[in-house]
Each structure stands twice: as C-alpha cells, then as structure tokens.
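What follows is a short report on a single structure.
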Amino acid sequence: MGEQRGSNSRWNWEVTGFEPRKSAVERDDYKKVPVAPPPSGRRYSMSISSHSELSKHAVNSKLLRLNDKVKLVREDYLQLRQEAMDLQEYSSAKLDRVTRYLGVLADKSRKLDQAALETEARISPLLSEKKRLFNELLTAKGNVKVFCRARPLFEDEGPVFVEFPDDSTLRINTGDDGLSNPKKDFEFDRVYGPHVGQADLFTDIQPFVQSAFDGYNVSVFAYGQTGSGKTHTMEGSSHDRGLYARSFEELFDLSNSDATSTSRNTFSVSVFEIYNEQIRDLLLEHGSTQPKVHIGSSDYVVELVQEKVENPIEFAGLLKVALQNRGTDTLKFKVSHLIVMIHIYYKNLITGENIYSKLSLVDLAGSEGSSEEETGEHATELLYVLKSLSALGDVLASLTSKKDNIPYENSVLTKVLADSLGGSSKTLMVVNICPNASSMSETLSSLNFSARARNAILSLGNRDTIKKWRDIANDSRKELLEKEKEISNLKLETMGLKQDLKHANDQCVLLFNEVQKAWKVSFTLQSDLKTENIMLADKHKIEKDQNFQLRNQVAQLLQVEQDLKLQIEQRDSTIQTLQTKVKSIESQLNEALLSNETRSTNSSGSQTGEQTNNKATEDNMDSAAVTKRLEEELKKRDALIERLHEENEKLFDRLTEKASLAGSPQVSSPFPGGPPNQSRDLGRIDSTSAKGGPGDVVSLPLASAKTENSVALVKSGVDKVKTTPAGEYLTSALNDFDPEQYDSLAAISDGANKLLMLVLAAVIKAGASREHEILAEIRDAVFAFIRKMEPKRVMDTMLVSRVRILYIRSLLARSPELQSIKVSPVERFLEKPHSGHSRSSSRGSSPGRSPVRYDSSARNMLIGEQIQGFKVNIKPEKKSKLSSVVLKIRGIDQDTWRQHVTGGKLREITEEAKIFASGNKALAALFVHTPAGELQRQIRNWLAENFDFLSVADDTVGGATGQLELLSTAIMDGWMAGLGAAQPPNTDALGQLLSEYARRVYTSQLQHLKDIAGTLATEVAEDSAQVSKLRSALESVDHKRRKILQQMKIDEAMLTLEEGASPIRNPSTAAEDARLASLISLDGILKQVKDIVRQTSVNVLSKSKKRSMLASLDELSERMPSLLDIDHPCAQRHIAEARDAVESTSEEDDKIHNASNTGSSAEIDVAQWNVLQFNTGSTTPFIIKCGANSNSELVIKADARVQEPKGGEIVRVVPKPTILENMSLEEMKEIFTQLPEALSLLALARTADGTRARYSRLYRTLAMKVPALRDLVGELEKGGILKDVKS
C-alpha cells in the first residue's frame, strides 16, 4: 500500500553529488600541477571540501526520504494490524454462531435416531403378530395342499378326455360304456386348465413363499408322469419364468420391503438330485470352498454346499451352473428327483432374534409305472422311483391323518425333507396331467395318488367343523388386515422421520463445509497478514540499518577528511620551510661566488689561486647537494599529494559503488563483529599499515577487489548432487537412527559414534578426487544427525570435530574468497603459568584440584583483539633429599635428570585444553587453516622453548622428546574434543565457524548477483528485443537470488542449535524491481505501438480510424510516468515514430472509404476462413465464412442468394458500422445489395435505427469469430461505435 504513493520517488536510490568516476583523461587537475608553486596543496584541500559538502547534502536528502518511507511503512503496518484484528473478531463470532447451530442440529439428530429406534421396536412385535396370524390362517386351511394342472394338448395327440366343471373339480371321461356313469370327478384345492399361465399359478403359491419368509419350512412338489409339464412348471422358459425364479424374486422383494436398520435377511441356495436313492450335490464342484449345511432328520444327516446369493441375477446364474453340472442325459432326468433348496436367515439387531427357514422346490421323477418288458438297469431305476414316490405318499397320508408314527425312513427323499413335511411346515403338491386319451391310465394313477392326500385332509371333520374353521380364518384375515394397516402407518411415520434425519444431516454437512471454508479463508488471511507484517518489519529494519550505515560512513568520511587536511597542512609547512632554506642557500651561494671573483682579481700567486679554486669547487659541490636534496623533497611531496588523491578517490568510489549507498555487507572477518577500525585503516598513508607480523588479523578485501567467481558451498541447493551406493547407505542410516530404540545412553553413544566413524571411513575411502562428492551427498543427513544428537551429549566430540573440519576444508578448497583469510599463530593461544611457589607437582595435578576456568566471553572475541592463551600448567619440580637418594640408588646422574610428566597430569592438561577450546572460534579457525601435523610441530617447538627442564633427552625416563610429544598430543586432543562440544544455546565452535564461512560465501554470491542486477538496471534499451532480453535477465537474477536465500535458510537451520537464530536478511532489490516493473510496462507500450504501425501499412485510412489511432498514441503517452527515466527515451522515440507514420498516411471520408472497400477492387485475400451457421427459422440454415485481410478488415464469403438458385459464393469486404450513420433505410438497402443476401436478411429491420443496431451486433459477432479482429472490436467499443451492441 505504501508503495503506491509516489512511485517515481519510491525507487530513486541515486545520491546526488556522487558523480560517476571520471576517466584518466578527465582527471587532469593534479597531473598538470607544476612542481614548484606551493599553493597547489590548497587547491587539493578545496576539492576535498567540495566533495564532502556534496556527500553531506546527498546523505541528508537520503535520510529525509528514508524517514518518509519509514512513516509510510508504519502507517501501513498499523492499518494491516487493525484489519487483522477485525477479521479475527468477525471469524470468532461467526464460528461461535455456527458451533451453537451445529449443537442444536446434533441434538435434533439424536432425537430423530431415538424416535426411529422406538418406532422400529414398536413395529417388531406387530410383525411377529402378523406372521403368527398368517400362519394360523394357512394352518386353518390345511398344512398340505394339492393343486392339479393340465398341460395344453399337442398336435396329433388325439381327443381330450378331461373336463373342468369348476376351479376345484376335475372330471375324467373314462369312455367305459359298461359303467352307469363313465365320468369320474376329482376334487382339489385348485385346478388349472391348459389356458392358465405361470403367473396365475404363482398367485396361489405366493402365500406359501410368504410363510417360508416368515420362518416356516415349506416344500413344493411337482408330481406327474413324464411329459406332463412338471419341469416346465418348476423351470419355465425364457419368456415365462417358472416357480424357481418367481419364488426367489418374491423372497427378494419381501426382504427389501420389510428391511429396516435393525433387521437383516440373507439367502443361500443348495441344489442336489436323488438318483437310485443316492444324493449328488450339484454345487460341490462350483463351490467347494463355500460353507456347508446339514439337512435331514436326526437319524439321517446330509452335508450340502450352500452358496450365498444377493439378487435374482445371481440366483439364475447359480441355478444355470447346477443344471449344467446335472448333465445332458434325458433318460436319467426321468428317474431322478431335482431339489432346489433356498435357505432363509433372519436376524434382528435389537432383540437378538435369529430365525432360520427353508423353501424346498422339488421336481419329482416321472410317476409312470414299470412294464414287464423293462429289464436290467432301467427297471432298477424305475423301482427306486416308485419306492420313493410311494414312501412320499405314505408320509403325506400319515401326516394328514395325524398318526403318531411317520414313516420318514422308507426313502431318502422323505429323510432329507423330513423337517419340511411335518410339524408346522407347509406342503404343496402340484399334480401335472396329460389331457390326451393315450395317457389316461397314467393320469388316473396320478389323480388317485393325489386323492389319497386330499381325502385325508377332508376327513378332519364334517361340514360344520369346516365352516367353523372358515369363520376363524375370516376373523384372522380381518385382524391381519388391521395389523397390516397399522404397520403401514408406522412405516410412513418412520419414513418421515428418516427424511427429517436426512435433511438434518444435509444441513450439518453444508454448515460443516461453510465452517471449513471460513477457517481456510481466515487462516489464509492471517498467514498473508503475518507474512506481510514480517516483510514490512524486515524492510523497516533494513532501512534502519542502511540509515545507520550511512551515518557511520559520513562520520568516517569526515574523519578521513580532517586527517587528510592535517597531513596536507604539515606537508605545506615542510615545503615552505624547504623553500626558505633554498632561498637562503642560493643567497649564500651568490655571495660566495661574488667573493671568489674579488679574490681572484686581487690574488697574484699561483698557490693562492689554486687554493681559491679548490674552495670554489667545494662550495659548488655543497650547492649541488643542496639542490639535489631539494628536488628529492619536492618529488616526495608530489608523490604524497598523488597518494592522497588516490586514497580520496577510493573512498568516494566505495561510497558510490553501483550507484547505491545501501549495498550488501562485504566479506568480513570470520567473527560477527568484524574489525572496528576498518575505515580508519583505509585512510592511513604511512607505510606501516601494509606490514604485518605473525599476529596479524584477518585481511579484509575491499569491494573493488572482490572475487567475482565465487563458488557455492559443498552442497548447493540448486544443483543436483550425484548419488553413490555408499552415500545412499550413509544417508539412510543417519536419517533412520532412532535413540528411542536403545536401552541406555551407552548404547546410544556407541551407535552414534559408529555412524560418525563410518562417515570418516567413507570419505577416506573415496579419496581426494571424490571427497567433495561424498561430502556433498551426505551433507544434510550429517548436519541433521549432529544437531539431533547434540542435546543428548552422547557423541564423541573429537569425531564431531573431525567431521566438521572435513566440511570446512572442503568449503575452503572450493571458495577463493575464504582462502585469503589469515589466522593468528599458535603462540597466541599458549601461555606459561604464573610463577608461584608449589610444594610438589603431584599436588598440582591431584584429582581434587579445581580445573582452570577460562573467560567464555573471550572465546568469541575478534581475532584481531587480545586472545586469552591456554595456560600449560607444568612447573619444574624441586628434588628432595629422598628423591636424590633414590636417583643415586637407581644409578641416574642428577645433573642430566629431568622432570617426568605423569599420566594424571596429561589427563588434567587434556581436560583443561578441552574446556579452553569449547566455543573458541579463533582456535577453530587455527585448526581449519593449519594442517594437523604442522600444528602439533608448532606446539612442540613452543613447549621446547618455554619448558627447558624437558629439553634434554634421557633414555631412562623415556626421553625429553617423548615427553614433548606426549604433552603436545594431550593439548591437541583436548583442543579437538573441546571444539566439537556444543554449548547450548550455541552449537560447537567448528559448527559456528562453518555457519559463518557459509554466510560469507552466500553473501559474496548475493553481492555478485546484486552487481549484475545493478548493471542491468542501468542499461538502456533501444528496441523491444533488448527490452525482452533485459527483462529475462533480471528475472533470471531474481530467481537465482531466491534459490541462494532458500539454501541459506536451510543451512541456518542445520548449522545452528538454537531455534531463535538471527533471521536471514534479504538483500535490497528495490532498484532492480523498479526497473523490472518499468520494463514490463515498456514492453506493453511497444507492443501496442507496433500494432498501430502495422495498421498504417495501408495507403489510405479513414478519418475515424486515424483519430482512434492518434487517441491510442495519446493514451500511451499518458502512461509514460509509470516508466523510469532511463526508459523514457525509448518509449518516446517509438511513439513519435508511430505518430509520424499515422499522420503521414493519407485520409479520406468514412463513407467513401467504406464504399470503396465494398467494391470488387477491395482486397479479399484471406489466409484462414472461420465458418458460422445461422438459422432464421423461416428459411433453411445458411453458412457464412468470415476472415481478415492484410488491412485488418472483415471479409465474408457466402452464397449470393439464400434460395435456389444460389448463384455461387461471392467474397466481399464488410463495411464497418460507422458507414451506416446518418443513412436512411433505403440507402442502407442499396449498400446491402452489394453484399450476400444472407447478410441483408440478418441485418435489415423495419426502421433505420433498428437496422443499425442489428448490423452492429452482426458485425461484432462475425469479427469476434476472427482472432485477428478482436482488438479492433475492442477499439470500436471504446470509441462508442458499437454502443448499440450493449443496448
């Protein structure tokens, strides 16, 4: 928001007064200075003062602008904070309201669920009562029913001997004239003639299926001779299904209608046949893995496969498989029984009730008897069939007569169906007969068999008893109807409750979705506001730091200016003194010459003359020496003045580098602060500043000497790292290491140290050529592992130090800007103990002695400052009388004996060295930049120089050289262990040094990108191609900068132990961002100018088009303030060239121009045609092809006439809607006569205004179909030419 105010001055970071550096030819103000005149020094001081005034003015203006920007940023921050608070309050209120509403809906949903459960609990006893009443009704009618069905008569079967007096009587005409009544009547529960179909038959069988569904076993038999229609009754045909399919469909429909949320019905099927009293399971091969069911009586149990079916389609497929498994032997079908058994399982989830029942559908074998001619196997088969049918008749007769002993054991058929024949089960037998005369004997046999069961049923009582049972059945039927009505009402109520529950659930889902959307929007807004707040805070902090840097630079510049003035004044005074001496010497020389001449004239002797000549020669020699000395002083003065100017120019070049005072920080020392007196050191002119001793600090190169080819770290976030099997294994092992899997800290320490040793071994095995690759591959895993394990303090710190040193040295080898860093020598880190009195060395090294404490604040000091040394606590031990006696006894000379360092003392020194090295970054730099062997040699030399009592070798005690080696090794080991030890909240010293070196490399890379971006931002673009190149280059630089910043954040997270580390400061990109925005705007302007120039390629333009083109150029000129000053010349030049091209194009009246375009001489060359189809309703649809010519005009191709004869296709240029202005309807019709008839049909209206409106809409429709004319339509709409389109 703040960036929208003052866009011109927002990005102007130029500092007035700091002009670009002049060339050597232009800087001739001191090259032409004469040597002798002394006032030249004053001229240089004036030049310095003028530069300082300009810099003060520039800095003041810069500070004022920064203050204004800080105020704007603060205002924007307050406004965003208020908006965030309002949004949070609104979101909280809305969330509370939605939460309350969800609670109400949840209560209502629970109440509806409870009501549904209560309703189902009320329905359950009613359903049970319904089943009971229905069973009593069927029982009252009889548990055994006999139906008779006659099949239709086929051709050539002879006459019919069967009659059907009513629905329950069958009459047989025996044709025996010897009898008084040749006709015989048979009564059944139901008789079906040849005209009755399968659907009517199943209507009467449906109650039995209902009884099976209610939980009672039911069996249905198809009885009759072969060819009487038994199989057709059971199986049916493709267009008229039998009892198998209809029964299961009825069960499936009953299950769906009575299904509730608390009850479940499942079905399974078994199919088998009985042949020669043997049972064959027809589903055994198909469902060998399916569960088994046991059927039969207590004495005879058969195990059959039962396969679960979910719908009628599965049942039909399963039945088809069973019939295929039965085979194709028709003779065998006649003498075998086929049983299809449907198992019904019911479960109530509320009451826990489980009910099992089954429906058995039996297609019996043929009932024809065996003749005397039948022999062999077929005769045996017929005997088995007659035996089973006879046993079935005996069982039915016994059941209907209510005998105590039922003969189930006489046949396998009756044994298997024992539980479906007696008790509360229901039995139905459908007797099938043939109506032809040739089958009379078999028909009478079948009727006599069925009459046996029928008569047994009627023998239950007399007519009164039957009437009584019928009254009971009618009462039960009425009660059943009432119960069914009550059940239907309850079902309707349940359905209403379920609908309300579904509606409530839908409302809950909608509200939940709304809440989720509100949460997402709130979270997105809060994250956006937080991100913007962080960005504004960072920007404010950066500008504050820049302001502080500017003030420091101004103060340094003023100080340098004062020092230079003092030095110049001193030089001026010296020069004046020398000039005075020269004048005095010249006067003395003149006097001496004058006196010599006088003496030469008065002298008469040769000896006197010779003496005079010798004296003159000596005086001449003195004067020549003085002159030579004077010239040398003058040359020194000129060299000093030249040097002062060079230093002055360096200071100004540094301040004005890349035309920005807010440059990124330069590469500094390896410590956070950097040398404090850097600016003052730059202004020194004495030669001592260029010298350095062994204790010199790290050298700080200027920006001008910055290495351009800075390389990335060991692992760059933007480069792909090669993978190796060893690297993949180590990465996986380091990432998968879980301390929780170990029982103790010792086990964790052992596992962690083994992994670090594996890392070192892998790097050593890789060799020098592949060392960098393996380190880069496992870098992230190693650093994450060390950071994870540091708080537990279980790692060997020496191993950690070795790993850290490998990475730092790899970084040094690949980063030239780090190779010039100098470190302090080892002598600055070692210190002799203070002289003091000690009784013996053993007391000094006793375990109870407190270890040496070192100031932790001194560990993080700059290298250039005073470094606290490590005190090597070893003192010469005084020999007592006892020790002298011992030495004499051992035969050791007391003069050559030297002190022996004990193992306890070495351990104490190692611990003190570890404490000294913990967190010591200066010592870490020494270890990194110095090889281990060289460092130990330096330590050993220092020990030999400072501890003379260890300097003479003695084989009896291991030799002084061995003592020095042990002592230097102890110090090295202690330092190495201490450098790898973390001190929360900071990581180990080597980790801190690695983080700082990485920051240096990244900072160098960012500075290099900033220099490139600054150069691109100041480069002038001449045409659109250069604009595109500059824009692409700036976007590429920004992309690389973002990748480097991302890698910096990753390294900061892995190389630091604390969570609250200093954030990565984003470099200022204001100048390049402003230039990139300006280039984008300039690119758009140049594209529009190019389009206008392309339209001026025609010879003649209409007045309206010319005006619109000039107006577009004026509009582009008004957009110039959005560009930077550097892009103004390019835009102005192109706009001026386009304006000249438009104005130089000849113009003519719009009517004449458009009329000329409609003629045959107009340009009709079109590259691509677009097809449109129009349908007016009154005529057949017609097609119009449209396109654009090279003059950006609309061209159409269509038939000359709509109706036949159409006259072929013609091509015409369509006039613009402006040609119809101020025209009458007749004039418009005259113009349309030159165009295809289809266009006039679509455009002409009853009035002139209506015609203009319709033509404008038609012109827009056709032009929008052509991509090249869409911009033209936009220009016409802006100019108001197509205003009728919107109306």
Taking 4.0 angstrom as the limit, do [X] and [Y] come out as a salt bridge?
X: D1038; Y: R1041; answer: yes
X: D1023; Y: K1029; answer: no
X: R246; Y: D240; answer: yes

[X] vs [Y] side-chain heavy atoms within contact, under 4.5 Å:
X: V1089; Y: S1024; result: no
X: K1090; Y: V1093; result: no
X: L1006; Y: L1045; result: yes

Given the options L1269, T1261, N1170, C1186 meets side chain to side chain contact (heavy atoms under 4.5 Å, CB included) only with N1170
(request) Evaluate side chain to side chain contact (heavy atoms under 4.5 Å, CB included) for V1214 paired with L1258, printing each intermediate quantity in order. (result) CA-CA 11 Å; V1214 179; L1258 178 61; over 6 Å; no
(request) Please assess I1231 against M1223 for the test side chain to side chain contact (heavy atoms under 4.5 Å, CB included), listing each intermediate value before the final yes or no. (result) CA-CA 10 Å; I1231 292 178; M1223 278 190 179; 3.3 Å; yes
Sequence neighbours excluded, the answer for side-chain hydrogen bond (donor to acceptor under 3.5 Å, both in side chains) partners of D1127 is R1075, S1078
By side-chain hydrogen bond (donor to acceptor under 3.5 Å, both in side chains), E1035 pairs with (sequence neighbours left out) R1031
Check: Taking it one step at a time, do Q1088 and E1115 satisfy side chain to side chain contact (heavy atoms under 4.5 Å, CB included)?
Finding: CA-CA 11 Å; Q1088 295 186 22; E1115 184 180 353; over 6 Å; no
For the side chain of [X] and the backbone of [Y], is there at least one donor-acceptor N/O pair under 3.5 Å apart?
X: N513; Y: V509; value: yes
X: D1083; Y: L1079; value: no
X: R1201; Y: E1237; value: no

Correct closest heavy-atom pair for L529 and A84 would be CD1-CB, 3.1 Å
In terms of the angle between their ring planes, are F248 and F315 parallel, tilted or perpendicular, with boundaries placed at 30° and 60°? parallel
| query | Does the side chain to side chain contact (heavy atoms under 4.5 Å, CB included) test come out yes or no for L80 and N533, once each step is laid out? | reply | CA-CA 8 Å; L80 288 173; N533 187 10; over 6 Å; no
